[in-house]
Amino acid sequence: MSWLADDRWRLVDADQAFVDALGYGRDELLRRDLLDLTHADDRDFVREHLDRLMRDGASVGMRQRFCTVDGRLLWMTSHISLFGAAQRRQLIATVEPMGDAVPDDPRVIVRRAAVQILTRRRLRQHHFGDDMYGEPAFDLLLDLFIQEVDGQNAYTTSLAVASGAPLTTALRQIAMLVDRGYVRRAPDPVDRRRVMVQLTEKGSKAMWRYLTAADGV
């Protein structure tokens, strides 16, 4: 999910998933102040983070409770960045629901960090195009880490397609990651025609160290 706000913290756009999660009509939600949509106990915390963002320009990550139209509370993790010229600055956020409470499981927290980073990169590609930014190897590592935490298998072709890079580029990146010891290939024990791609112990530990140090964790 994502939203866009002006420099007075009023929503000016949001994707439909965020609109639906809060339960407001789109026209009713837009122009609402972010703090008005935030639980009263979290407003000072959110205001402090937004003030720092406006002052320093460095992206911030935080967990907060949003209030839905029917009075329910939604825990969400937001990663907010500032962009635009001095006379027209805006805030853009990627948001992930967390359920009814902040989870204590470090695997859940670190997985969420990976999802946030991957979502921000997809959002960046959507707005600016693939030709301006190209880091498919790291996208592959993020995707593999999420699959590992979820206990899911990733396969060469589907992983390459999901990376968003041209197929030949993605396959070269997978080969490079194998050469550097971050990734391994293995035949699918059920269907030998398919090749699974997995993080090695080295790759998994490197991602854990990076994600626990990243903003918003």
Side-chain angles (χ1 to χ4, degrees), residues 1-2 15 17 58-63 76-81 83 92-98 102-217:
M1 295 189 287
S2 61
D15 67 7
S59 298
V60 298
M62 59 185 175
R63 306 180 186 100
M76 295 191 184
T77 297
S78 304
H79 194 284
I80 312 172
S81 301
F83 74 101
I92 187 169
T94 56
V95 184
E96 183 183 4
M98 298 171 56
V102 178
D104 295 323
D105 186 347
R107 291 173 61 84
V108 175
I109 295 172
V110 175
R111 179 193 181 278
R112 186 169 58 246
V115 171
Q116 287 176 333
I117 294 168
L118 194 57
T119 301
R120 291 199 301 274
R121 292 162 72 88
R122 294 288 184 262
L123 186 64
R124 185 179 67 183
Q125 291 171 353
H126 173 72
H127 285 281
F128 297 104
D130 295 336
D131 56 335
M132 289 182 61
Y133 303 98
E135 297 162 301
F138 189 57
D139 282 358
L140 290 165
L141 289 173
L142 287 167
D143 201 348
L144 284 170
F145 181 84
I146 294 167
Q147 301 279 6
E148 177 184 275
V149 173
D150 289 346
Q152 302 294 322
N153 293 324
Y155 299 93
T156 300
T157 302
S158 58
L159 181 67
V161 171
S163 74
L167 182 59
T168 54
T169 300
L171 292 175
R172 283 199 303 270
Q173 296 298 309
I174 292 173
M176 179 270 291
L177 292 170
V178 170
D179 289 343
R180 297 192 181 185
Y182 292 107
V183 165
R184 62 171 169 262
R185 297 189 185 97
D188 185 346
V190 177
D191 184 348
R192 307 290 291 187
R193 295 170 298 178
R194 299 195 299 180
V195 177
M196 296 189 301
V197 183
Q198 303 166 324
L199 290 177
T200 62
E201 182 178 1
K202 173 184 175 180
S204 184
K205 286 182 177 179
M207 291 303 291
W208 270 90
R209 287 194 297 267
Y210 168 75
L211 292 166
T212 53
D215 287 343
V217 177

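Residues F145 and L141 form no side-chain contact, since every pair of their non-hydrogen atoms from C-beta on lies 4.5 Å or further apart. Residues Q147 and V197 are not in side-chain contact: their nearest non-hydrogen atoms beyond the backbone lie 4.5 Å or more apart. Considering only heavy atoms from C-beta on, M207 comes within 4.5 Å of L142 through its side chain. Side-chain contact check for D188 versus N153: every heavy-atom pair is 4.5 Å or farther apart. Counting only heavy atoms from C-beta outward, the side chains of K205 and Y182 never approach each other to under 4.5 Å.
Note that CD of Q198 is 9.5 Å distant from OH of Y155, once rounded to the nearest 0.5 Å. A distance of 13.0 Å separates CD of E96 from OG of S2, quoted to the nearest 0.5 Å. The CG atom of L171 sits 7.5 Å away from atom OG1 of T156, with the distance rounded to the nearest 0.5 Å.
Nearest heavy-atom pair, L144 versus A154, reported as atom, atom and distance to 0.1 Å: CD2-CB, 3.7 Å. The shortest heavy-atom contact between A93 and I80 is CB-CG1, 3.8 Å. Residues A137 and L177 approach most closely at O-CD1, 3.8 Å, considering heavy atoms. Contact detail for D15 and M1: the closest heavy-atom pair is OD2-CA, 3.1 Å. Nearest heavy-atom pair, Q173 versus P136, reported as atom, atom and distance to 0.1 Å: CG-CG, 3.8 Å. Considering every non-hydrogen atom in both T200 and R184, the closest pair reads CA-NH1, 3.4 Å.
Residue K202 qualifies as enclosed at atom NZ: its count of foreign heavy atoms under 6.0 Å is above 12. Other residues, nucleotides and ligands contribute more than 12 heavy atoms inside 6.0 Å of the CZ atom of R194.
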